[in-house]
Amino acid sequence: MAVKKVIIIGGGPSGLVLAHGLQKNGIPYEVYERDESPTSRDQGLALSLHFAIPYMEKCMSPEHYKNITRACVNPSDADNPTFVVVDGASGKILIKHNNAAPYPTASSTETNKSYRVSRRKLRNFLEDGVEIQWNKRFKEYELTDDGVLVRFEDGSETKGDILVGADGARSRVCDQLCGDKIQKNVLPFVFVAVTIPVNRERYQQIYNISSTHGVVTGPTFGPEGNRAIFFSMLDIDEANDKYEILIVMTWKNSSGEHGLPEDQASRVKLLKEIGALYCDPFKSIILDLKGDEVIWTTTILEKIPSPWNNNGKVTLIGDSAHSMSMARGEEAVNSGKITAIQALGDYEETMIKRSVTAVKASHDAIYDRHTPKSSAQNQSSV
Ligand SMILES: Cc1cc2nc3c(=O)[nH]c(=O)nc-3n(C[C@H](O)[C@H](O)[C@H](O)COP(=O)(O)OP(=O)(O)OC[C@H]3O[C@@H](n4cnc5c(N)ncnc54)[C@H](O)[C@@H]3O)c2cc1C
């Protein structure tokens, strides 16, 4: 039976890539996103695309896909992102990966290519050519004889043949579909992110270390292990002399989920205390925080999927099925060949097998990053 309509909940990277894939294959779809509009929420942060690249390319028309570099954090180095590991005390570069010395890949079917993209620009790129219904927060679904009925919080409803939850790590579709069948672990790490506008000189200092991103290993703090700084270009616009850098600090916090003081002044003070222990330019960038920057924190949620009953009508993609620590992220997107129970079953079998391995690799990577190293031992890449 031909699929008449696929309903996608969530207009993040996974939902939008799937929408492109369905569109390319002539399968009708609707995307529902809780954000009020494309600009109502700062998408923040940046991410690295590696293993998802061939799937994204497959899902898009060549005319669309060729613009992927527009999503890159640093347009002048879009095709040559560099990931480094820097010793935080000496500034020595311990590891460097780029196109000349690519990332080791998990299997021969995976690509060595990577892009470092800003989430905001990635969403712009993926939204292009896809119709999104904004301000629609999914509430629940109900299976019917001929498909699935979806209800939204505003009281509206829609019907389709297949429902795909692409609504992120805290997915309501997943909660209804899987209940406690998906294992969820909050990892004991503090995560603090801050976006910092810098001048050209500072940008150049960072650029000389890496054109896109890297990890600065931190001093050791007894049993809690290393503190680590992750840095990334976020939005570089040389023509307009605008340079935005992302700094993320992480450290193990066995005593609680959040581990940060509530008020802004104490948070800034803590970041500066930690930043002062690093070498320049990282130290100066952090010590020069004005104090009014948005300091963003989140808990790191890991989801380990196990098979669910899709009834041939409901499935999950992306973080809704398998969120993982950001230390070795690899967002997976299926190509959209969803036509029946068998197709969903095949997709889920492959996805679950692959993502259990990926979640485990990311889990190991974040612990590894915070474990003191005696020398330039291998570090996880992001
Ligand atoms: C700090 C950090 C760094 C990361 N770095 C990397 C990296 O380098 N590489 C990598 O591959 N991954 C990385 N990740 C993970 C990556 O961000 C996710 O894998 C990716 O965003 C997943 O995309 P998604 O579309 O599945 O979910 P999301 O990006 O979470 O998108 C879900 C969408 O669903 C919408 N939504 C949620 N609930 C509802 C609802 N009830 N109704 C309607 N809409 C809803 C949300 O508004 C959102 O737009 C990182 C994550 C973090 C936190």
Roughly how far, to the nearest 0.5 Å, is the [atom2] atom of [Y] from the [atom1] atom of [X]?
{"X": "K269", "Y": "E273", "atom1": "NZ", "atom2": "CD", "result": "4.5 Å"}
{"X": "K159", "Y": "D146", "atom1": "NZ", "atom2": "CG", "result": "6.5 Å"}
{"X": "L260", "Y": "T297", "atom1": "CG", "atom2": "OG1", "result": "4.5 Å"}
{"X": "N135", "Y": "E153", "atom1": "CG", "atom2": "CD", "result": "10.5 Å"}
{"X": "I27", "Y": "I162", "atom1": "CD1", "atom2": "CD1", "result": "8.0 Å"}
{"X": "Q204", "Y": "N199", "atom1": "CD", "atom2": "CG", "result": "10.5 Å"}

Compare every heavy atom of [Y] with every heavy atom of [X], then report the nearest pair and how far apart it is.
{"X": "A166", "Y": "I8", "result": "CB-CG2, 4.1 Å"}
{"X": "C178", "Y": "L316", "result": "SG-CD1, 3.9 Å"}
{"X": "G318", "Y": "S14", "result": "CA-OG, 3.3 Å"}
{"X": "D128", "Y": "H64", "result": "O-CE1, 3.1 Å"}
{"X": "V17", "Y": "C59", "result": "O-CB, 3.7 Å"}
{"X": "S210", "Y": "M233", "result": "O-CE, 3.6 Å"}

Can you confirm if the NZ or CZ of K136 lies within 45° of the ring axis of F152 and under 6.0 Å from the centre of its six-membered ring? yes
Could you tell me whether [X] and [Y] make a salt bridge, using a distance below 4.0 angstrom between a side-chain N and a carboxylate O?
{"X": "D167", "Y": "R34", "result": "no"}
{"X": "E30", "Y": "K5", "result": "yes"}
{"X": "D288", "Y": "R202", "result": "yes"}
{"X": "K139", "Y": "D154", "result": "no"}
{"X": "D35", "Y": "R123", "result": "yes"}
{"X": "R267", "Y": "E293", "result": "no"}
{"X": "R137", "Y": "E36", "result": "no"}

Could you check if a side-chain atom of [X] sits within less than 4.5 angstrom of a side-chain atom of [Y], using non-hydrogen atoms only?
{"X": "I93", "Y": "V85", "result": "no"}
{"X": "Y278", "Y": "I286", "result": "no"}
{"X": "F83", "Y": "K96", "result": "no"}
{"X": "M56", "Y": "L126", "result": "yes"}
{"X": "V86", "Y": "L94", "result": "no"}
{"X": "K272", "Y": "L289", "result": "yes"}

Do [X] and [Y] belong together in a cluster built from hydrophobic side chains that touch within less than 4.5 Å?
{"X": "I196", "Y": "Y207", "value": "yes"}
{"X": "W308", "Y": "L163", "value": "yes"}
{"X": "F231", "Y": "L287", "value": "no"}
{"X": "L149", "Y": "Y32", "value": "no"}

Quick one: does [X]'s side chain have a donor or acceptor within less than 3.5 Å of a partner on [Y]'s backbone?
{"X": "S232", "Y": "L246", "result": "no"}
{"X": "N185", "Y": "L187", "result": "no"}
{"X": "S118", "Y": "D235", "result": "no"}
{"X": "K24", "Y": "K58", "result": "yes"}
{"X": "D77", "Y": "P81", "result": "no"}
{"X": "S320", "Y": "I317", "result": "yes"}
{"X": "T315", "Y": "V164", "result": "no"}
{"X": "H97", "Y": "T82", "result": "no"}
{"X": "K252", "Y": "F189", "result": "no"}

Residues, nucleotides or ligands: over 12 heavy atoms within 6.0 Å of [X] [atom1]:
{"X": "R70", "atom1": "CZ", "value": "no"}
{"X": "N208", "atom1": "CG", "value": "yes"}
{"X": "K283", "atom1": "NZ", "value": "no"}

Between the side chains of [X] and [Y], does any donor sit under 3.5 Å from an acceptor?
{"X": "Y243", "Y": "D241", "answer": "yes"}
{"X": "N240", "Y": "D237", "answer": "yes"}
{"X": "Y29", "Y": "Q23", "answer": "yes"}

Would you sort out whether E157 and R151 count as a salt bridge (charged side-chain N to carboxylate O under 4.0 Å, His left out), showing the intermediate values? CA-CA 4 Å; E157 297 178 347; R151 297 195 185 92; 3.5 Å; yes
Step by step, would you call L177 with N310 a side chain to side chain contact (heavy atoms under 4.5 Å, CB included)? CA-CA 8 Å; L177 178 64; N310 61 45; 5.6 Å; no
Verify side chain to side chain contact (heavy atoms under 4.5 Å, CB included) between L271 and V192, making sure each step is shown before the conclusion. CA-CA 9 Å; L271 295 193; V192 201; 3.9 Å; yes
